[in-house]
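Presented below is the structure to which this report refers.
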Protein chains: 4
Amino acid sequence: MSRDLPKNRGKRSAVTQEPMGVAVVGAGYWGPNLVRNFQASERFRLRWLCDLDVDRAQRVLGGYSTVQATADYAAVLADPEVAAVAVATPAGTHLDIALAALRAGKHVLVEKPLAATYADGMRLVTEAEDRGLTLMCDHTYCYTPAVGRIRDMVHSGELGEIHFVDSVRINLGLVQKDIDVMWDLAPHDLSILDFILPAGVEPVAVAAHGADPIGAGQACVAYLTLTLNTGAIAHVHVNWLSPTKVRTTMVGGAKRTLVWDDLNPLQRVAVYDRGVDLASPQEIGADERRDMLVSYRSGDMVAPALGEKEALRGMVDEFGDAIRERRAPLTDGRAGLRVLDILEAASRSLEFKGAVVGLRAGR
Amino acid sequence: MSRDLPKNRGKRSAVTQEPMGVAVVGAGYWGPNLVRNFQASERFRLRWLCDLDVDRAQRVLGGYSTVQATADYAAVLADPEVAAVAVATPAGTHLDIALAALRAGKHVLVEKPLAATYADGMRLVTEAEDRGLTLMCDHTYCYTPAVGRIRDMVHSGELGEIHFVDSVRINLGLVQKDIDVMWDLAPHDLSILDFILPAGVEPVAVAAHGADPIGAGQACVAYLTLTLNTGAIAHVHVNWLSPTKVRTTMVGGAKRTLVWDDLNPLQRVAVYDRGVDLASPQEIGADERRDMLVSYRSGDMVAPALGEKEALRGMVDEFGDAIRERRAPLTDGRAGLRVLDILEAASRSLEFKGAVVGLRAGR
Amino acid sequence: MSRDLPKNRGKRSAVTQEPMGVAVVGAGYWGPNLVRNFQASERFRLRWLCDLDVDRAQRVLGGYSTVQATADYAAVLADPEVAAVAVATPAGTHLDIALAALRAGKHVLVEKPLAATYADGMRLVTEAEDRGLTLMCDHTYCYTPAVGRIRDMVHSGELGEIHFVDSVRINLGLVQKDIDVMWDLAPHDLSILDFILPAGVEPVAVAAHGADPIGAGQACVAYLTLTLNTGAIAHVHVNWLSPTKVRTTMVGGAKRTLVWDDLNPLQRVAVYDRGVDLASPQEIGADERRDMLVSYRSGDMVAPALGEKEALRGMVDEFGDAIRERRAPLTDGRAGLRVLDILEAASRSLEFKGAVVGLRAGR
Amino acid sequence: MSRDLPKNRGKRSAVTQEPMGVAVVGAGYWGPNLVRNFQASERFRLRWLCDLDVDRAQRVLGGYSTVQATADYAAVLADPEVAAVAVATPAGTHLDIALAALRAGKHVLVEKPLAATYADGMRLVTEAEDRGLTLMCDHTYCYTPAVGRIRDMVHSGELGEIHFVDSVRINLGLVQKDIDVMWDLAPHDLSILDFILPAGVEPVAVAAHGADPIGAGQACVAYLTLTLNTGAIAHVHVNWLSPTKVRTTMVGGAKRTLVWDDLNPLQRVAVYDRGVDLASPQEIGADERRDMLVSYRSGDMVAPALGEKEALRGMVDEFGDAIRERRAPLTDGRAGLRVLDILEAASRSLEFKGAVVGLRAGR
């Protein structure tokens, strides 16, 4: 095909240390992506792909690989060369698999959501903290150049105070037996929200509305509304029944508003200098009319150049760096816990027909 | 400029009767559009444009018009040649102006929303019904070719049972003093919903979440969730703070799903034969696994050819025809009432932080 | 409908002088637009709409207008209140109608193309210059905010030297009896090109390729390639047979490249800081390898905020101002001549199967 | 990430035979894609990746592969297990490498263009035919579901006779030392054109216009116009300097017109029932006016559901099947020759400032 310009594949850091042995557990939907990215990372040496169905694991590895397929998780944990384990199995199994790995002294990366419940997630976090091991949650989107840029713009104040966040993630999706559309898709949006909010700004309550119009036994369409402690509002629309795929997040700020369209590779992020301003009371005389306060900005739009580094590769690198540097990864277990907190509260809200449910305090 | 193909401007019906005298009240934002369309319609003869600010009325008419500008509403009502009055003033004034017209024996067209409250709207409906006069609400979008097509496809069963409706109407909009974004924009979506739903299907409750992050004194961002009596869900997102303009409605049905993008003139309506199907219990053996029930359709998309007739022209024609044929117009006063019912309930929900509020029974 | 922000309708200039009497000739496709805009302009007083078919003229004026419809062009020319005449008739009639007006001492605005031939156009230009009258060509697109911005960016050097211009104007268009797609549509692109090129840069030759695959007797698809005196290339694709409408112009410069998509109201103009740079020989050592010279810019894209003023209104205002200020209008008769020159050369090229045809020297 | 529906990965054919040994030559831009797809195909067993720079070859294979990297092409050809060789080296080297492989009795797949000249290409075709070996050209796009569908619709008559083909392939591309933008990008469009045209329809002449505005020593912008023996026209726009990426092909037919937008994964192919029809002379009386002949269709648009199978995988499979079934592959050496014929003629045209150059007769 034609030669595009070489994509920015990230600086190759000067990794002088030996690569770290790693094992991937789970050869289902997401596991192969982890396999590919661990193989591509200089920080790791992939040793095992473990799945109860060893044939599936072997098929994922293909006919040319030197990586070992196995169904014997105990053997993986017993391998002293394995320093880290990446868990890509169904959420219901995360607790047991990750706990075993931590108890075997391995650092652990867990596919989202961190666990099936907040309580389970807390057990993992505590275990890892007690043992001084790295526990990371694979909030992949947080490692996209787009989300990185959003976080930078929020934290630097370039957008101004956050006014609203509106996220749409809809698609003709696989209706699942065990989890509803909210648990399937909203972790992406909630982990992104958690990642971009500046210190001191946090959701305090959530309400969720959903429907199961096809009788799947699970909500297939859901809307989550989060109230932030600043009065701002965040809203998430997730939907398995949409014939078109939409992945858009709008972050409205006091100074600028940003629109991220993940399906538009030519212009993923657009920053608009457009908005509504209100003069502060000090600036205007008491007897001026109310509608004099409002003014409108209609400035330019800037679509910043972003690299095209694969998010998962950045996530894998962060896992390696956090372990080496003995620091919390950007999306650590506690970030996974905060997402679980919202998901559980949203499920309760769904159960109670949209009642507002408060969140646990503190980020 | 280059010559596009002539647009379908609708059949010119054989109107042998004399055109009907009409007056427009209100020369503000919407009035000029009514003036233009009444002038273009063979069914009407525009006689007056009435506004408290007669200069504004004259400016709207321009320097070449034979239509009379006036500030004297009584004179308009006293004109025996005026058979109908179109009211395009702020909602708070609808009751008085429309009531006076009805009492003067005039047919009345009212800009949306029908009135400031459900009670006021009911007084208008009752007055018109008592007097045998036509009362119509200008739900303009219902007269677009797109919405007409959606209604046809819903009513004919082509889409199958409605599963969900998702409407987004966001824009950098005029923040208003008297009404919030919900009362400003959602009447469009609610009147469309009212228009397309088949007999027997109706909203029964609404929850609304909103925010006023700029301190405007009114909600500037709002989300409405409606529960239908069938278990389907309808959701409306309205927003004055969005830097980009989006006007999209998705109507998910059991057989097809339709996406209407009003800002894409080249492809306003797209009908997808894509979706999720569940086999009914009769079709499968009792011991078959749950996930065997689900199947996916991935068929073609069809974008039907639609005419480009101006909606407002169709609305004006319908007003004339309904008067002549002594029948209820497609968007009559009762349709306006149903929209008011939802708006009032949504306001109550907003007040109570998103509590679900039931609607008045019956369409 | 919902209230968008008020559009920028241009500054109302302090016109203290009396409006100038004007007549529009031709009530066909384009005439009604001129009628509407002359009525809206404070610079003019529209007195006549003249058409051989007086009923058509009356229909265009509608039932509420004080403007006179007539089929008697002599009467229009004899009206001493008429200072200017706007001609919107088929190109073949431009010479006679415009010449008569000039000889009657009227300023003249002519619909594009200026005349049916370069020779005819030259007669009009000469006549107007001899008489000291304003002759203007209605190159409407030159008065759009987008083209104005492009011209500014080219002239200010913001884009750098022009490298290439690529214009696509395709649509399912009215196949015409008398003129081919090139004469129908390319005048837009050629007049825009003429308008934006800086002093000293000009087309020197053209080659045209076309086809009449449906047997219409005229080329329905055509491609024009212009060579500029700088070595830059300009290309125009016009097509009556395309089922989709595309109106895009890309202006590639040494520093920036601009894309104008006239059908994207939310982002008509995008300026990319992306491109290929070559180091100049002085900057590099003689023995450095050739491929070391190339570097790539991958900067941001900026979509400047543009007003939404109607182009035709700006054109009409410019006509009035040029007459008042006794200066050449921005798109004067000579601009129309330059476009005719290219069109005639392109027709000759079409005739000779794409042979390159030189243009008359001098702008 | 979220689970999309499983993509259609094509039927797994019942391959009972042993996989065939294959070697890839060239570990540059395209080689890695061939490596990946040969590994994924059950029809092949990848044995070697050969590159003069053996470290580069090893890097492509990565640290987990059992495939052998080598710089020793002779050893590859001497390997009796190698039945086929895939050549992904610069075009100038194709002749020697492919000829050596054919002479060693190997089947050969060559990256586009087939060779640096028509004469070289002919030597390869002749050699392969003399030896009864498969020679295939990697015209990858011909194996996309979109192009397959286009070919089907053309061959079945669903589009009607071809009226025009318009192809745009522009991007900020790698400016290359040895070849111009035409040789770099147009082979894609020309091979697609060759692939979709029905029997008996073929290009007979080409004209090319180009420019090198940045002084790269090669045309960086080029336009090719092909005349078909039916009077239809085909046009290709290739450009290395465009800041935006466009890959669109429009195929205009007598009955339908198809637009393929390769960058719109949600709607790659759209088929419009829109167009211009002319009544045939028999259908109308001799004295009816010319413009009565024209009528317009404004029907629906259909976007057919297409699978998402990787094109390169289909190409690799076709290579295997053609070898096994001892038949010409869909894009055989002669297809590659026809593309070379047009490219050479276009280069000559470029040299002679756009002069029309005839093509060799016969497909």
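Note that these values count all heavy atoms, side chains included, but never hydrogens, waters or copies made by symmetry. Protein chains get the first letters and strands the later ones, always in sequence-line order, with residue 1 at the start of each.
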Task: For chain B, the option from His237(A), Arg256(A), Met301(A) that forms the most heavy-atom pairs under 4.5 Å - done: His237(A)
Task: Atom pair OG/CZ of Ser242(A) and Phe164(B) - distance to nearest 0.5 Å - done: 6.0 Å
- [ ] Would you give the length of the straight line joining atom NE2 of His209(B) to atom NE2 of His235(A), rounded to the nearest 0.5 angstrom?
- [x] 7.5 Å
TODO: Could you tell me which non-hydrogen atom of Arg297(B) sits nearest to which non-hydrogen atom of Leu172(A), and how far apart they are?
DONE: O-CD2, 3.7 Å
Task: Which atom of Leu278(B) lies closest to which atom of Ala216(A), heavy atoms considered - done: CD2-CA, 3.8 Å
Task: Under 4.5 Å from a heavy atom of chain B, the part of Asn239(A) involved - done: side chain
Open item on the list: What part of Val276(B) gets within 4.5 angstrom of chain A, counting heavy atoms only: side chain, backbone, both, or neither?
Closed with: both
- [ ] For each of Ile233(B), Asp212(B), Ile170(B), tally heavy-atom pairs with chain A at distances under 4.5 Å, and name the one with the top tally.
- [x] Ile233(B)
TODO: Quick one: which of Asp273(B), Val259(B), Thr244(B) has the most heavy-atom pairs under 4.5 Å with chain A, could you say?
DONE: Thr244(B)
Task: Residues in residues 222-232 of chain B that sit under 4.5 Å from chain A, counting heavy atoms only - done: Tyr223(B), Thr225(B), Gly231(B)
Task: Heavy atoms of other groups near Leu263(B) CG, more than 12 under 6.0 Å - done: yes
Open item on the list: Ignoring hydrogens, what is the shortest heavy-atom contact between Lys353(A) and Val356(B)? Give both atom names and the distance.
Closed with: O-CG2, 3.1 Å
- [ ] Answer yes or no: is there a side-chain heavy-atom contact under 4.5 Å between Met250(B) and Pro243(A)?
- [x] yes
Open item on the list: To the closest 0.5 Å, what do you measure between CG (Leu241(B)) and NE2 (His163(A))?
Closed with: 8.0 Å
TODO: Would you mind checking which part of Ile162(A) comes under 4.5 Å of any heavy atom in chain B, side chain (CB onward), backbone (N, CA, C, O), both or neither?
DONE: neither
Open item on the list: Is it true that, when you exclude Leu266(A) itself, more than 12 heavy atoms of the residues, nucleotides or ligands shown sit nearer than 6.0 Å to its CG?
Closed with: yes
Task: Atom of Gly173(B), atom of Tyr296(A) and distance for their closest heavy-atom approach - done: O-CE2, 3.4 Å
